[in-house]
Amino acid sequence: MRETTPSPKVQDLAAIGGVDAVREVPSDSATEPQAADLATVWQEVSSGIRRRIQPELFETWFRRAALVSLGENSVAIAVQNAFARDWLERYHRAVIEESVREALGDAFSVELRIDPELALPAREAEAPSREEADRATPAALVQQGPATGGASLGQVAGSLVHGSDVGLNAKYTFENFVVGPCNRFAHAASVGAAESPGAAYNPLFLHGNVGLGKTHLLQSLCFSLLDNWEGVRILYLSCETFINHFIGALENGNIEAFRNKYRNVDVLVVDDIHLLANKERTQEEFFHTFNTLYNAGKQNVLSSDSPPKDIPTLQERLVSRFKWGLVTELEMPCYETRVAILKRKSRQRGRELPDDVAGLLAERIDNNIRELEGAITKLFGYSDLSGQPVTADLARTALRDVFSARRGGPTIDNIVSVVTEEFGVKLSDLQSRRRTAAIAFPRQIAMYLARKITRHSLEEVGGHFGGRDHSTVLYAVTKITALIERDPETAELISGLLERLGERPL
Ligand code: ADP
Ligand code: MG
């Protein structure tokens, strides 16, 4: 794969910078070259330093240093804190100066500065390779981020650019993603984009309801890139962060730095892009960010809770650009995939979920994978606390709330079919105006059940039964509730119906 993966090209970087340079940076601004130039020069200087000192020292002191200014006869190198700066002044100045002069010429002087906000440009490419065993999970390293524990970053092939607002979750990898008919396409597209970023699937636009794996796939893609592309610079963030950074940049008047940061990456991953709805200025800015990256052959990856055209007030030109590459939907996994996910998640926790319990959970929770996960957490917790083994019965007890609060449960149609069967009446009877007890009673029971186990309003329930108004439904619910209280036979009847609908009996 490494052969087919593009390596970061200096020309590309310059091209990105070039767009801004033409438009926004005054041409005589010799001390403010584009980040890409700085990164290139720094790569040369730092490889000189690396040759002159021991690898451990380099890792400790220079891994997070960066060239931040390049003048006619001077350079400034920034490190993360005063301690590091003083240390370098004291012990490594000579080496730094030698390396700078080797790269740029004898006349250059060196200034050491402090910059706690150091970005982490691509300079991992020449990092000395270490044994596999030495490679902690990329996530752990990424989470350390550039702000802490810099030494170990050398072990990561690539880097999340500083400003990625969240560390990646180590569990969100392609390996841990269960593929089924519902998500096969989105999964394949994410793998494809990770293998050939900037190529066929650009932009990659994943959409789907909450809890269906968008973030998981986005992060898997980041991990895969970090593993396979040395020096890749990924900016992964939520749309909210993009919005906040943009607003902050406007307020502080440093829009330049904002643009430099967002437009100098190989891969931009923005989660929950639907949050751009009603944010006109930010949409405008994102449009330019998107274009700059796209035109430079960089990869854009976006997720959203709805397809581009359904994001409220999204500018038409963004809608159309989002559709340039690949738009793909994540759907709710089917029953079999849900079972597989439950089994996988349990195993990840070092537990086995019995088949019938997995089946029960998959049957009952069918709208959101996060809820499925929550259910196993709760179930295992309950089992541990009570000292009882994980069985279907225990699941029913432990997950009572989950089961009854879930959406995806029985529908009014399910209720109608159970009730008509029980009483030997027809749907048209239930919907009719007839008030004989043989029809009215089943109708009231159906209304009661609809209110008890679906989320339909009184009015909606009335609508299903011949357009009756809410007071009729309320009357039915009150009457049946009272009957259940004083008449064991009715209670038994209702319990039986509830069980047939897959609900807990009374
Ligand atoms: P979204 O971003 O779409 O709201 P997430 O990516 O946060 O959803 O997914 C919610 C949870 O479900 C996560 O813990 C994720 O690991 C899990 N999940 C979703 N889809 C799958 C899948 N196909 N295989 C394994 N876990 C999944
Ligand atoms: Mg998400």
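Fair warning: this is a prediction, and the values are worked out from it, not measured in the lab. Order of listing sets the numbers, starting from 1, for every ligand and every atom in it.
- When His187, His216, Arg370 are ranked by how near their heavy atoms come to atom 7 (O) of ligand 1, first place goes to Arg370.
- Below 3.5 Å of separation, one finds an N or O of Leu212 facing an N or O of ligand 1.
- Closest of all the heavy-atom pairs between Gly213 and Leu330 is C-CD1, 3.7 Å.
- Atoms of ligand 1 lying under 4.0 Å from any heavy atom of Val210, numbered from 1 in the order shown and given with element: 4 (O).
- The cationic group of Arg317 lies under 6.0 Å from the six-membered ring centre of Phe287 and within 45° of the ring axis, placing it in a cation-pi geometry.
- A salt bridge between Glu499 and Arg504 is absent, with no side-chain N of the basic residue lying under 4.0 Å from a carboxylate O of the acidic one.
- Ring planes of Phe205 and His207: tilted class, angle from 30 to 60°.
- Residue-ligand proximity, Asn209 to ligand 1, at heavy-atom distances under 4.0 Å covers atoms 3 (O).
- In this structure, Lys298 contributes its side chain and Leu268 its backbone to no donor-acceptor pair below 3.5 Å.
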Apply side chain to side chain donor-acceptor pair (under 3.5 Å) to the pair Tyr236 and Gln219, showing each step before the final yes or no. CA-CA 8 Å; Tyr236 170 92; Gln219 297 201 5; 3.0 Å; yes

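- Residue contacts with ligand 1 for Lys171 are absent, since no atom lies close enough (heavy atoms, distance under 4.0 Å).
- Side-chain contact check for Leu394 versus Leu399: every heavy-atom pair is 4.5 Å or farther apart.
- Outside the 6.0 Å centre-distance limit, the rings of His245 and Phe258 are not counted as a close aromatic pair.
- Within the listing of ligand 1, atoms 1 (P), 2 (O), 3 (O), 4 (O), 6 (O), 8 (O) sit less than 4.0 angstrom from a heavy atom of Lys214.
- Backbone and side-chain nitrogen or oxygen atoms of Gly213 are examined, and one is located within less than 3.5 angstrom of a nitrogen or oxygen of ligand 1.
- Here Thr215 reaches the Mg ion (ligand 2): one of its N/O/S atoms is less than 2.8 Å from the metal.
- Heavy-atom contacts of Asn176 reach the following atoms of ligand 1: 24 (N), 25 (C) (cutoff under 4.0 Å).
- For Ile341, every heavy-atom contact with ligand 1 shorter than 4.0 Å involves the side chain, none the backbone.
- For Gly211, the heavy-atom gap to ligand 1 drops under 4.0 angstrom.
- Only the side chain of Asn183 comes within contact range of ligand 1, with a heavy atom under 4.0 Å; no backbone atom does.
- For ligand 1, the polar-atom distance check against Val178 finds a nitrogen or oxygen pair separated by under 3.5 Å.
- Any N or O atom pair closer than 3.5 Å counts here, and Phe177 shares no such pair with ligand 1.
- Nearest non-hydrogen protein atom to atom 14 (O) of ligand 1 is Glu373 OE1, 2.3 Å.
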I would like to know whether Arg344 and Glu373 meet salt bridge (charged side-chain N to carboxylate O under 4.0 Å, His left out); could you show each step before the answer? CA-CA 10 Å; Arg344 176 84 62 97; Glu373 285 192 284; over 6 Å; no

